[in-house]
Amino acid sequence: MNKKLLKTKDNTYVLSQKDIKQKWLIIDAKGKSLGRVASRAAFFLKGKHKPDYAYNLDNGDYVIVINAKDIVLTGNKKKGKIHYRHTGHPGGIKAISYGELLEKNPQRMVQIAVKGMLSHNPLGRLHLKKLKVYADDKHLHEANKPTVVNI
């Protein structure tokens, strides 16, 4: 453990936000199922892979998902699974199947899946901002020196 951490009366260490070091990770989604990619991305975004995990702090890493257009939907999800959204106007419900969503906007499909696996509170929204999804293998984050994660 880091010696700079706050020490309490009972000799337990409390992690603070300034002591957290965040890395950049790449997940290649080519040939992987949507749920497997989304669950691993949520795991890394929350920081559960770190020994100093704290549920109330943002100590997760930045995650880049590449090749989202080559993700695999198992079973009958291309036709049977439907994503609904509402425009905010009366009668404004929109529906799109996951097969169409995979063709039109695969990045959005991955973001929806990861969002459902994160906490539904301000901390979960903060985690979701650290997710970057790209349809192909080109991304804009080479300067951050990301490391590839095998799932």
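Heavy-atom basis, side chains included; hydrogens, waters and symmetry copies ignored.
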Hydrophobic clustering (ILVMFWY, side-chain heavy atoms < 4.5 Å, transitive) - are [Y] and [X] grouped together?
| X | Y | answer |
| --- | --- | --- |
| Ile151 | Ile71 | yes |
| Leu34 | Tyr134 | no |
| Leu140 | Ile64 | yes |
| Ile93 | Ile82 | yes |
| Leu102 | Val133 | yes |

Looking only at heavy atoms, what is the nearest atom pair of [X] and [Y], with distance?
| X | Y | result |
| --- | --- | --- |
| Val37 | Ala29 | CG2-CB, 4.0 Å |
| Leu57 | Leu15 | CD1-O, 3.2 Å |
| Ala68 | Pro106 | O-CB, 3.6 Å |
| Leu118 | Gly124 | CD1-O, 3.8 Å |

Quick one: does [X]'s side chain have a donor or acceptor within less than 3.5 Å of a partner on [Y]'s backbone?
| X | Y | result |
| --- | --- | --- |
| Asn59 | Asp52 | yes |
| Gln22 | Asp58 | yes |
| Lys23 | Thr147 | no |
| Asn144 | Pro146 | no |

Measure the shortest side-chain to side-chain distance between [X] and [Y] over non-hydrogen atoms and say whether it is less than 4.5 angstrom.
| X | Y | value |
| --- | --- | --- |
| Asp28 | Val148 | no |
| Leu128 | Arg125 | no |
| His139 | Lys132 | no |
| Ile112 | His83 | yes |
| Leu131 | Val65 | yes |

Roughly how far, to the nearest 0.5 Å, is [atom2] of [Y] from [atom1] of [X]?
| X | Y | atom1 | atom2 | result |
| --- | --- | --- | --- | --- |
| Leu45 | Lys115 | CG | NZ | 14.0 Å |
| His141 | Ile66 | NE2 | CD1 | 11.5 Å |
| Arg108 | Leu101 | CZ | CG | 8.0 Å |
| Ile27 | Arg36 | CD1 | CZ | 12.0 Å |
| His89 | His86 | NE2 | NE2 | 9.5 Å |
| Asn56 | Ser119 | CG | OG | 11.0 Å |

Inset, instruction - Hey, could you give me each pair passing ring pair (Phe, Tyr, Trp, His ring centres under 6.0 Å) that has a residue in residues 39-63? Not counting sequence neighbours. - result: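 Ring pair (Phe, Tyr, Trp, His ring centres under 6.0 Å) check on residues 39-63 returns Trp24-Tyr62, Phe44-His49.
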Inset, instruction - Can you run down the ring pair (Phe, Tyr, Trp, His ring centres under 6.0 Å) pairs that involve residues 90-125, sequence neighbours left out, and say none if there aren't any? - result: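 The answer is none; no pair qualifies.
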Legend entry - Any pair counted as salt bridge (charged side-chain N to carboxylate O under 4.0 Å, His left out), so long as it reaches residues 60-82, sequence neighbours left out: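 Applying salt bridge (charged side-chain N to carboxylate O under 4.0 Å, His left out) to every pair that reaches into residues 60-82, excluding sequence neighbours, yields Lys50-Asp61.
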